[in-house]
Colleague: 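First, the structure itself, so that you have it in front of you.
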Amino acid sequence: MPSYDNIYKVVSQIPQGKVATYGQVAELANLCGKPRLVGYALYRVDISSDIPWHRVVNAKGEISYSPLRQGGDHTQKVLLEQEGIEFSSNGKINLCKHLWQPTLEVTY
DNA sequence: ACATTGACCCGTT
DNA sequence: GAACGGGCCAATG
């Protein structure tokens with residue numbers, strides 16, 4: 001059971017214009033309580049894959065920036081804005097509006 | 001095989 | 001409300 005594969009699937013299932021938290025993805029990926037694996041998976045997979053990693057944010061609804069990430073700074077923010085996601089004054093996402101509500105299907 | 005790290009989350013101080 | 005520490009698993013050197 002490749003756990004990482006689940007993460008990829010879950011993230012890929014995130015609809016456009018919505019965002020999911022690491023904890024959310026972790027639960028859907030069968031990694032409840034282990035959000036680190038999610039972050040690690042995305043760290044290893046990075047944008048080279050077809051995974052909308054930019055739709056995955058931390059529990060605070062903020063984007064996880066990284067100095068090692070695609071050499072950009074607000075790249076993820078721009079992508080999310082293009083998806084129709086609005087940001088708060090503090091650069092956070094309106095989780096109440098854009099938080100992805102996972103359906104019952106998890107496509108294993 | 002051991003030690004270190006990594007895009008996190010939660011509880012307590 | 002902010003800061004600190006603990007915990008989990010996997011990949012890398």
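Chain letters run A, B, ... following the sequence lines, proteins first and then strands; every chain starts at 1.
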Colleague: For nucleotides 9-12 of chain B, which of its nitrogen or oxygen atoms have a protein nitrogen or oxygen under 3.5 Å away, and what is each distance?
Modeller:
residue : atom : partner : partner atom : Å
dC9(B)  : OP1  : A59(A)  : N            : 2.4
dC9(B)  : OP2  : A59(A)  : N            : 3.3

Colleague: Rounded to the nearest 0.5 Å, how far apart are CH2 of W53(A) and CG of L42(A)?
Modeller: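 So the CH2 of W53(A) and the CG of L42(A) are separated by 9.5 Å.
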
Colleague: Rounding to a whole Å, what distance do you find between I7(A):CD1 and dA7(B):C1'?
Modeller: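 In whole Å, dA7(B) C1' lies 12 Å from I7(A) CD1.
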
Colleague: Which pairs with one or both residues in residues 51-65 of chain A pass salt bridge (Lys or Arg N to Asp or Glu O under 4.0 Å), sequence neighbours excluded?
Modeller: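 Every pair satisfying salt bridge (Lys or Arg N to Asp or Glu O under 4.0 Å) with a residue in residues 51-65 of chain A: R55(A)-E83(A).
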
Colleague: Please name all residues satisfying side-chain hydrogen bond (donor to acceptor under 3.5 Å, both in side chains) with S12(A), sequence neighbours left out, ordered by chain then number.
Modeller: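 For S12(A) there are no side-chain hydrogen bond (donor to acceptor under 3.5 Å, both in side chains) partners, ignoring immediate neighbours.
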
Colleague: Under the rule for salt bridge (charged side-chain N to carboxylate O under 4.0 Å, His left out), what residues qualify as partners of K97(A), not counting sequence neighbours?
Modeller: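 For K97(A), the residues satisfying salt bridge (charged side-chain N to carboxylate O under 4.0 Å, His left out) (neighbours in sequence not counted) are E86(A).
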
Colleague: Within this structure, what is the CD1-to-P distance between I14(A) and dA7(B), rounded to whole angstrom?
Modeller: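 Whole-Å distance recorded here is 19 Å.
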
Colleague: Would K77(A) pass as a cation-pi partner of F87(A), given that its NZ or CZ must be under 6.0 Å from the six-membered ring centre and within 45 degrees of the axis?
Modeller: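 Yes, cation above the ring, under 6.0 Å and within 45°.
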
Colleague: Chain A on DNA chain C: first and last contacting nucleotide, 5' to 3', under 4.0 Å to a heavy atom?
Modeller: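 Counting from the 5' end, contacts occupy dG7(C) to dT12(C).
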
Colleague: Supply the atom-to-atom distance I7(A) CD1 to L37(A) CG, rounded to the nearest 0.5 angstrom.
Modeller: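 Rounded to the nearest 0.5 Å, the CD1-CG separation comes out at 6.0 Å.
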
Colleague: Which pairs with one or both residues in residues 16-26 of chain A pass salt bridge (Lys or Arg N to Asp or Glu O under 4.0 Å), sequence neighbours excluded?
Modeller: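 Counting only pairs at least two positions apart or across chains, no salt bridge (Lys or Arg N to Asp or Glu O under 4.0 Å) contact touches residues 16-26 of chain A.
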
Colleague: Are the side chain of T21(A) and the backbone of Q24(A) linked by a donor-acceptor contact shorter than 3.5 Å?
Modeller: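 Yes: the side chain of T21(A) pairs with the backbone of Q24(A).
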
